Amino acid sequence: MNCKDYTLITADSRKVIPGALFVAVKGYSSDGHDYIANALEKGAAGIICEYLPKGLCPEAEGRLRGSGGLVPQSFEERGVHYEVVENSRRALAMAADEFYGHPSRKLTLVGITGTNGKTTTVTLLYRLFRSLGYPCGLLSTIANYVGDERYETDNTTVDPVTLNELMARMVEKGCAYCFMEVSSIGVEQDRVTGLEFAMGIFSNLTHDHLDYHKTFAEYLRCKKLFFDRLPAKAVALINTDDKNGPVMVQNTKARVVTYSVKGLADHIARVMEQDVEGMQLVIDGTETWVRLIGIHNAYNLLAIYSAAVCLGADKDQVLLALSQLESAPGRLENIRGPKGITVVLDYAHTPDALENVLTCLKGIASERQLICLFGCGGDRDKTKRPEMARIACALSDRVVITSDNPRTEDPEAIIADIHSGLQPQDLAKTLTITGRAEAIRTAILTAPEGAVILLAGKGHEDYQIIGHEKIHFSEKEIVNETFKLML
């Protein structure tokens, strides 16, 4: 099958046009095999599937019965080419790669995986290389960019057709580099299969996505699979301060490069001092002032520096560029208001991320009161809810428990799970308000002078998911409107 002979490749039967290649993929709520007939009615010229729905191909069914149950892998019937494969998800990725002319081979593709820090790292790598004069693309949780052109996204790792289409646009626009987040789910679902990575970066591995992977071991396996598949000419850049770093590269063919903020490694950084304006770092023996704060950002910046040096950038130019970078949207993003109150927006939605952010803020808040407002997403890992409550109460002076994206779960039930992590002594400093907008306004209006208020969990998101509906919800707007009331 030559995928370039088709007019379009898609796994969505609604997008089929005459001459298209339709790939039937089994999903969680629907099965693409149920829509093959619909794709054929719309003029599909090729079908990739894992099995043949009954009555679809009478002649093939006859051969099937005559061959003792063996399904032919490739055949034509009524002018339509069929490929029956073991894994249609993988076939979709490989077909998309071929259809768009193998765009990842024409870019220096850098992927980062890990629990926390992916968005900040890829976003700042994108900004850094653009500041060095290189045309770049970005594929991230916040948005996708082809040079300056922005494309909205709903997933950390988009589907393989969109992925290859975007990279093909990058090639067309003359981009030299592409920096992308690689999620464990994206690896497990073969969304990045067929892509040729020049570098893979590992940040850390903590509690997340267990609603999908079920066990931490399976979560780790999917992350490690990314490094297992790197080619020999690639670089595997790992954080050795995380015990899972060396595990990631046990079976990789790539050249391994290490970085550390606590120990010895190929690239080393140390935090000398920090305040609300930034940090003084020593990176590979050279002092530099950066505008980001927190030990987790020291790791992010060291990963960015190490990646850039490995990719051939000049060390001194990289350090200068690092000193000018600002945080990714919704990552320790500050809004200052009346009475010396500072509101910090951060995407922290895992126990480890929440602990990192609160530890950072507690260290620089000094005598100022630290207030933490957070909730937990519905239809996601429930086991982290009580753990996040314990962390919030241990590291904050006051805690406001509220909603996040409840999705199809009852917000009150989610909050009850969070409450199960509270100790009796925590109740005196804990306030529960289910409506997130009301909770934000209350936290600000009742805060003492000079307070630091962390709004955790939403970060860059400008929406809230209630049921199956995504509604507009901007924490920035709510914060600024509340500050106006105080003037």
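Since the structure is predicted, the reported quantities are computational estimates derived from the model, not experimental observations.
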Neighbour count >12 (heavy atoms, 6.0 Å) for atom NZ, K470: yes
Residues, nucleotides or ligands: over 12 heavy atoms within 6.0 Å of K339 NZ: yes
Between atom CE of M170 and atom CD of E165, what is the distance when rounded to the nearest 0.5 Å? 11.0 Å
Between D426 and R390, does any NZ, NE, NH1 or NH2 come within less than 4.0 Å of an OD or OE carboxylate oxygen? no
Between the main-chain N or O of S140 and the side-chain N or O of N144, is there a donor-acceptor pair closer than 3.5 Å? yes
Close side-chain approach of D346 and R331, heavy atoms under 4.5 Å: yes
More than 12 heavy atoms of other residues, nucleotides or ligands under 6.0 Å from CE of M272: is that the case? no
Report yes if some heavy atom in the side chain of T252 is under 4.5 Å from a heavy atom in the side chain of K224; otherwise report no. no
Given side chains that start at C-beta, do those of H472 and E477 come closer than 4.5 Å, heavy atoms only? yes
To the nearest 0.5 Å, atom CD1 of I238 lies from atom OG of S260 at 10.5 Å
Could you go through the side-chain hydrogen bond (donor to acceptor under 3.5 Å, both in side chains) check for H419 and T432 one step at a time? CA-CA 9 Å; H419 279 179; T432 300; 2.8 Å; yes
E152 side-chain N/O to A143 backbone N/O, donor-acceptor pair under 3.5 Å: no
Examine distances only and state if a side-chain atom of N300 and a backbone atom of A303 form a donor-acceptor pair shorter than 3.5 Å. no
Quick check: does any side chain N or O of D275 sit under 3.5 Å from a backbone N or O of I364, one acting as donor and the other as acceptor? no
Going by distance alone, is a donor N or O of one side chain under 3.5 Å from an acceptor N or O of the other, for Q280 and Q274? no
Minimum heavy-atom distance between F179 and L311, given as atom pair plus value: CE2-CD1, 4.5 Å
Please say which of T121, T113, T141, T123 ends up in a side chain to side chain donor-acceptor pair (under 3.5 Å) with E181. T141
Within the 3.5 Å criterion, strictly below it, is a donor on D381 or T383 matched to an acceptor on the partner's side chain? yes
Pick out which of V400, I433, T482 makes a side-chain contact (heavy atoms from CB on, under 4.5 Å) with T442. I433
Y177 atom OH, over 12 foreign heavy atoms within 6.0 Å: yes
Starting from the C-alpha separation in whole Å, work towards a yes-or-no answer on ring pair (Phe, Tyr, Trp, His ring centres under 6.0 Å) for Y126 and Y145. CA-CA 9 Å; Y126 166 77; Y145 281 88; 5.6 Å; yes
What's the shortest heavy-atom distance between I293 and M279, and which atoms? CA-CG, 3.8 Å
Donor-acceptor pair, side chain of K262 and main chain of T240, under 3.5 angstrom: no
What one should report as the nearest heavy-atom pair of V25 and A11 is CG2-CB, 4.2 Å
Taking every heavy atom of M199 against every heavy atom of A234, the minimum-distance pair comes out as N-CB, 4.4 Å
Gap separating the NZ atom of K362 from the CG atom of L395, nearest 0.5 angstrom: 6.5 Å
Over 12 non-hydrogen atoms of neighbours within 6.0 angstrom of NE2 in H468: no
Output yes when R436 and E461 qualify as a salt bridge under the 4.0 Å nitrogen-oxygen rule, no when they do not. no
In a check of side-chain contact (heavy atoms from CB on, under 4.5 Å) between F202 and each of V247, V249, N244, which one passes? N244
Within the side chain of D397, is there an N or O that forms a donor-acceptor pair under 3.5 Å with the backbone of L370? yes
Chi angles and distances behind the ring pair (Phe, Tyr, Trp, His ring centres under 6.0 Å) call for F226, F197: CA-CA 10 Å; F226 172 59; F197 286 89; 5.0 Å; yes
Can L128 and I304 be said to form a side-chain contact (heavy atoms from CB on, under 4.5 Å), step by step? CA-CA 9 Å; L128 183 144; I304 293 162; 3.8 Å; yes
We want to know whether E333 and S327 form a side-chain donor-acceptor pair, criterion being a heavy-atom distance below 3.5 angstrom. no
Cut-off 3.5 Å, side chains only: do H296 and T359 have a donor facing an acceptor? no
Between K429 (side chain) and S396 (backbone), is there a donor-acceptor pair under 3.5 Å? yes
N204 side chain to N116 backbone, donor-acceptor under 3.5 Å: yes
Are T162 and D159 linked by a side-chain donor-acceptor pair shorter than 3.5 Å? yes
Distance only, no hydrogens: is a donor on one side chain within 3.5 Å (strictly under) of an acceptor on the other, for T408 and D379? yes
Is Y219 close to L205 at the side-chain level, that is, under 4.5 Å between some pair of heavy atoms? yes
L264 atom CG: more than 12 heavy-atom contacts under 6.0 Å: no
Between R221 and S184, does the side-chain hydrogen bond (donor to acceptor under 3.5 Å, both in side chains) criterion hold? Intermediate values first, please. CA-CA 9 Å; R221 185 192 71 81; S184 56; over 6 Å; no
Say whether, by atom type as modelled, one donor and one acceptor occur between the side chain of N334 and the main chain of V344 under 3.5 angstrom. no
When you check the gap from the basic side-chain N to the acidic O, do R90 and D190 get nearer than 4.0 Å? yes
Over 60° means perpendicular and under 30° means parallel, so classify the ring planes of H460 and Y347, tilted if in between. tilted
Heavy-atom side-chain proximity of K15 to F22 below 4.5 angstrom: no
What is the minimum heavy-atom distance between L107 and C175, and which atoms define it? CD2-O, 3.2 Å
Do S88 and E50 have side-chain atoms, one donor and one acceptor, less than 3.5 Å apart? yes
Heavy-atom closest contact (L138 atom, V122 atom, distance): CD1-O, 3.5 Å
Do D241 and Y259 pair up side chain to side chain, a donor and an acceptor below 3.5 Å, judged on atom types alone? no
Yes or no on side-chain contact (heavy atoms from CB on, under 4.5 Å) for N239 and S203, after CA distance, side-chain angles and deciding distance? CA-CA 6 Å; N239 170 18; S203 59; 5.8 Å; no
Run the side-chain hydrogen bond (donor to acceptor under 3.5 Å, both in side chains) check on N405 and Y463 step by step: do they pass? CA-CA 9 Å; N405 292 319; Y463 59 83; 5.3 Å; no
Under 4.5 Å between any side-chain heavy atoms of L485 and L487, yes or no? no
Donor-acceptor pair, distance only, cut-off 3.5 Å: does the side chain of T342 make one with the backbone of R336? no
Checking side-chain polar atoms at under 3.5 Å, does S323 have a donor or acceptor matched by the opposite partner on R291? no
If you measure only the distance, is there a donor-acceptor pair under 3.5 Å linking the side chains of T258 and D266? yes
Please determine, by modelled atom types, if Y35 and R14 share a side-chain donor-acceptor pair under 3.5 angstrom. no
Given side chains that start at C-beta, do those of L195 and M167 come closer than 4.5 Å, heavy atoms only? yes
Answer yes or no: is there a side-chain heavy-atom contact under 4.5 Å between L373 and T402? yes
